[in-house]
There are 2 protein chains.
Amino acid sequence: MFRAEAHLDLAFQALADPSRRAMVDRLVQGPATVSELAKPLAMSLPGVMQHLAVLEASGLVVSEKIGRTRTCRIEPKVLTQAEHWIAERRALWERRLDRLGQFLDETKDD
Amino acid sequence: MFRAEAHLDLAFQALADPSRRAMVDRLVQGPATVSELAKPLAMSLPGVMQHLAVLEASGLVVSEKIGRTRTCRIEPKVLTQAEHWIAERRALWERRLDRLGQFLDETKDD
DNA sequence: ATATCACTTAACTAATCACTTAAGTATGGT
DNA sequence: ACCATACTTAAGTGATTAGTTAAGTGATAT
């Protein structure tokens, strides 16, 4: 059984970890190798590889190995989808508040 | 040691679960009791309570008990913060692409 | 040829997660 | 007073997570 929103599970899960957000933060500035991503991260290289695997599984990051170095970059589509999910809910919530305010205005002089 | 982004860990973590997103989805339409949130969720009530606790810990939802019913509603601030985090990164990434395109345009006629 | 560099795989561990069932606490209705 | 309702708490379980160390693999530099 496949759920349409399963990719959002992976995207939000990927963004829930500060090390992975730091990697995304680095990658929005441009592509980087695994070692470059690892450098600021008080963690072993295999640890970083596992975070990278989570980011790739979510579709937030893609990578390509050339020679002995793997270069990673952002894939913005999933980032946009996650942003849209939130934006839509916030819009719904605000629309409801507007209707509520309008209703209160219309009924206040009884 | 406190991290400024720790609340984003909790927010994205909370949004990473489909049951919790379903609860948020319900709550953007307006407040609901715990039982109302539980109804569509193929899960025991204590299970729902635990999801609710995660949503409250993240600040996405607040609740208040009146009599024997607890009423839950969305607190949009954290939703907005999560949306902003993504939007900023996407903006950075797009800005970099623009600079790259500009650079390529400026140097293409050598 | 050999040593180094940049990952990669495997295996293990402690902690957290997403549930469950069973039992308990107020509150509201008759 | 009694009973149902609406949570609430506690305790347990199996799966996943976030890290580790140790031992590879293959590419580049000397």
Side-chain angles (χ1 to χ4, degrees), chain A residues 1-3 5-27 30-73 82, chain B residues 1 3 5-27 30-73:
Chain A
M1 222 237 275
F2 298 111
R3 279 181 306 112
E5 326 83 22
H7 70 283
L8 281 177
D9 297 17
L10 297 177
F12 284 128
Q13 182 68 48
L15 293 176
D17 183 275
S19 301
R20 286 192 295 260
R21 283 204 306 283
M23 291 166 77
V24 169
D25 247 340
R26 167 62 188 78
L27 289 175
T33 67
V34 174
S35 304
E36 283 167 357
L37 289 178
K39 200 157 219 171
L41 286 187
M43 189 188 302
S44 67
L45 200 56
V48 175
M49 292 286 295
Q50 285 177 39
H51 282 305
L52 179 59
V54 173
L55 287 168
E56 293 210 56
S58 76
L60 283 164
V61 169
V62 294
S63 74
E64 185 193 8
K65 190 160 186 177
I66 298 174
R68 64 185 168 182
T69 76
R70 177 174 294 279
T71 304
C72 311
R73 62 191 160 76
Chain B
M1 222 237 275
R3 279 182 306 113
E5 325 83 21
H7 70 283
L8 281 178
D9 296 18
L10 298 176
F12 284 127
Q13 183 69 51
L15 293 176
D17 184 274
S19 301
R20 286 192 295 260
R21 283 203 308 282
M23 292 167 77
V24 169
D25 247 340
R26 167 62 188 79
L27 289 174
T33 67
V34 175
S35 303
E36 284 165 356
L37 290 178
K39 200 158 222 172
L41 287 187
M43 190 189 303
S44 66
L45 201 56
V48 175
M49 293 287 293
Q50 285 175 31
H51 283 305
L52 179 59
V54 172
L55 287 168
E56 293 210 56
S58 75
L60 283 165
V61 168
V62 294
S63 74
E64 185 193 8
K65 189 160 187 175
I66 297 173
R68 62 184 167 179
T69 76
R70 177 173 295 279
T71 304
C72 310
R73 59 190 163 78

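Protein chains get the first letters and strands the later ones, always in sequence-line order, with residue 1 at the start of each.
- Between D:dC7 and B:T33, a contact under 4.0 Å exists linking OP1 or OP2 to a side-chain N or O.
- Of the candidate nucleotides D:dC7, D:dT20, C:dC7, D:dT20 has the atom lying nearest to any side-chain atom of A:Q50.
- As rounded to whole Å, 16 Å separates atom P of D:dA10 from atom CG of B:L45.
- Remark: B:R70 CZ is packed, more than 12 non-hydrogen atoms of other residues, nucleotides or ligands lying under 6.0 Å away.
- At whole-Å resolution of the value, CZ in A:F12 and P in D:dT16 are 22 Å apart.
- Residue B:H51 places at least one side-chain N or O under 4.0 Å from the OP1 or OP2 atom of C:dC19.
- Remark: of the listed residues B:K39, B:M49, B:K65, B:M49 is the sole one forming a side-chain contact (heavy atoms from CB on, under 4.5 Å) with B:V34.
- Among C:dC19, C:dC7, D:dC7, the nucleotide with an atom closest to any side-chain atom of A:K65 is C:dC7.
- Distance A:L52 CG to D:dA18 P: 14 Å, rounded to the nearest Å.
- Residue contacts shown for A:G67 are limited to sugar-phosphate atoms, with no base heavy atom under 4.0 Å away.
- Distances were taken from every side-chain heavy atom of B:R68 (C-beta onward) to each of C:dA6, D:dA6, D:dC7; the shortest belongs to D:dA6.
- Around the CZ atom of A:R26, the shell of radius 6.0 Å holds more than 12 heavy atoms that belong to other residues, nucleotides or ligands.
- Relative to the side chain of B:S44, the nucleotides D:dC7, C:dA6, C:dT20 differ in distance, and C:dT20 lies closest.
- With rounding to whole Å, B:E64 atom CD is found 15 Å from D:dC7 atom C1'.
- Out of D:dC7, C:dC19, D:dG19, the shortest distance to the side chain of A:S19 is found at D:dG19.
- Side chain of B:V34, nearest nucleotide from C:dT9, C:dC7, D:dC7: D:dC7.
- Here D:dT20 is the nucleotide among C:dC19, D:dT8, D:dT20 with the atom lying nearest to any side-chain atom of A:M43.
- Between B:S35 and the phosphate of D:dC7, there is a side-chain N or O to OP1/OP2 separation shorter than 4.0 Å.
- Summarising the geometry, atom CG belonging to B:L27 is positioned 10.5 Å from atom CZ belonging to B:R73; distances are rounded to the nearest 0.5 Å.
- The distance between atom CG of A:L41 and atom P of D:dA18, rounded to the nearest whole Å, is 13 Å.
- Between atom OG of residue A:S63 and atom CG of residue A:L37 there is a gap of 10.0 Å, rounded to the nearest 0.5 Å.
- Proximity note for A:P46 (side chain, C-beta onward) versus C:dT8, C:dC7, C:dA18: the nearest is C:dT8.
- In this structure, A:I66 atom CD1 and D:dA27 atom P are separated by 13 Å, rounded to whole Å.
- Comparing A:R70 and A:Q13 by the nucleotide of DNA chain C whose heavy atom lies nearest to each, the residue mapping closer to the 5' end is A:R70.
- Computed from coordinates, the B:M49 CE to C:dT21 C1' distance equals 16 Å when rounded to whole Å.
- One can place CG of B:D17 at 12 Å from P of D:dT17, the figure rounded to the nearest angstrom.
- For the side-chain contact (heavy atoms from CB on, under 4.5 Å) test with B:M23, the passing option among B:L52, B:V61, B:L60 is B:L52; the others fail.
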